[in-house]
*Asks:* 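Sharing a structure here in structure tokens format.
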Amino acid sequence: MLRMSVAAEEYLMIGENIKLVFLGGTGKHMRIMIDAPKEISIVRSRVIEKAITDPEKKAELPKYYKEPEHPEKYWRKPGVIVTNGNAGRR
């Protein structure tokens with residue numbers, strides 16, 4: 001799983017034809033826009049979970065658990081680039 005920080009109006013490309021645009025947000029909410037071909041099915045996780053009533057099938061659904069933020073002492077220092085385990089200066 002890829003975890004990253006994005007700014008408002010940044011976007012991600014998935015393959016050549018799916019674009020996720022981050023529109024910004026407030027508090028715990030983030031607004032996104034998904035530009036994808038009509039053949040691609042896009043469904044919210046809560047809709048999928050609500051439609052499944054069998055507890056065994058619900059247990060098989062992928063789960064996301066929020067990772068705690070790392071303490072500030074582990075943040076990357078400005079001006080340092082790490083590539084293949086080697087640190088260099090910008």
Side-chain angles (χ1 to χ4, degrees):
M1 180 177 290
L2 173 65
R3 179 182 178 186
M4 65 174 59
S5 298
V6 295
E9 298 183 18
E10 273 191 297
Y11 64 90
L12 298 175
M13 291 299 298
I14 300 174
E16 294 181 10
N17 58 356
I18 300 174
K19 183 189 240 185
L20 293 173
V21 182
F22 299 89
L23 301 173
T26 58
K28 296 180 181 181
H29 301 281
M30 171 64 74
R31 292 184 328 269
I32 63 170
M33 179 176 65
I34 304 170
D35 184 12
K38 289 183 179 182
E39 304 84 46
I40 304 289
S41 177
I42 301 170
V43 184
R44 288 178 87 138
S45 60
R46 71 170 114 181
V47 173
I48 295 170
E49 292 169 3
K50 190 175 179 181
I52 297 175
T53 56
D54 182 8
E56 290 179 10
K57 286 188 179 182
K58 256 190 187 177
E60 292 174 4
L61 290 174
K63 298 289 181 196
Y64 169 75
Y65 298 99
K66 184 176 179 181
E67 294 181 17
E69 291 293 328
H70 293 295
E72 188 173 346
K73 67 181 184 177
Y74 296 114
W75 293 359
R76 189 179 324 173
K77 297 189 177 23
V80 176
I81 301 172
V82 178
T83 56
N84 296 329
N86 301 319
R89 283 274 185 222
R90 283 188 200 193

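Just so it is clear, the structure is predicted and the values come from calculations on it, not from any experiment. Position 1 is the first residue of the sequence; numbering continues from there.
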*Asks:* Looking at F22 and Y11, what are the two nearest heavy atoms and their distance?
*Replies:* CD1-CA, 4.4 Å
*Asks:* Could you measure the distance from the CD1 atom of I40 to the CD1 atom of I42? Nearest 0.5 Å is fine.
*Replies:* 7.5 Å
*Asks:* Applying a strict under-4.5 Å side-chain criterion to I, L, V, M, F, W and Y, I'd like to know whether I32 and V43 cluster together.
*Replies:* no
*Asks:* Is it the case that more than 12 heavy atoms not belonging to E56 sit under 6.0 Å from its CD atom?
*Replies:*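 No, the 6.0 Å shell around CD holds no more than 12 heavy atoms from other groups.
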*Asks:* Treating Ile, Leu, Val, Met, Phe, Trp and Tyr as nodes and any side-chain heavy-atom pair under 4.5 angstrom as an edge, say whether L23 and L20 lie in one connected cluster.
*Replies:*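 No, L23 does not connect to L20 through the hydrophobic network.
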*Asks:* Of all the heavy-atom pairs spanning I52 and K57, show the shortest one and how long it is.
*Replies:* CG2-CB, 3.7 Å
*Asks:* Would you compute the distance between atom CD1 of I48 and atom CG of L61 and round it to the nearest 0.5 angstrom?
*Replies:*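 It comes to 7.0 Å.
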*Asks:* Please report the interatomic distance NZ(K19) to CD1(I14), rounded to the nearest 0.5 Å.
*Replies:* 12.5 Å
*Asks:* With rounding to the nearest 0.5 Å, note down the distance linking CZ in R44 to CD in E49.
*Replies:*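 The distance works out to 11.5 Å.
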*Asks:* Minimum heavy-atom separation for A36 and I18, please, with both atom names.
*Replies:* CB-CG1, 4.0 Å
*Asks:* Applying side chain to side chain contact (heavy atoms under 4.5 Å, CB included), run through V21 and D35 and close with a yes or a no.
*Replies:* CA-CA 8 Å; V21 182; D35 184 12; 5.9 Å; no
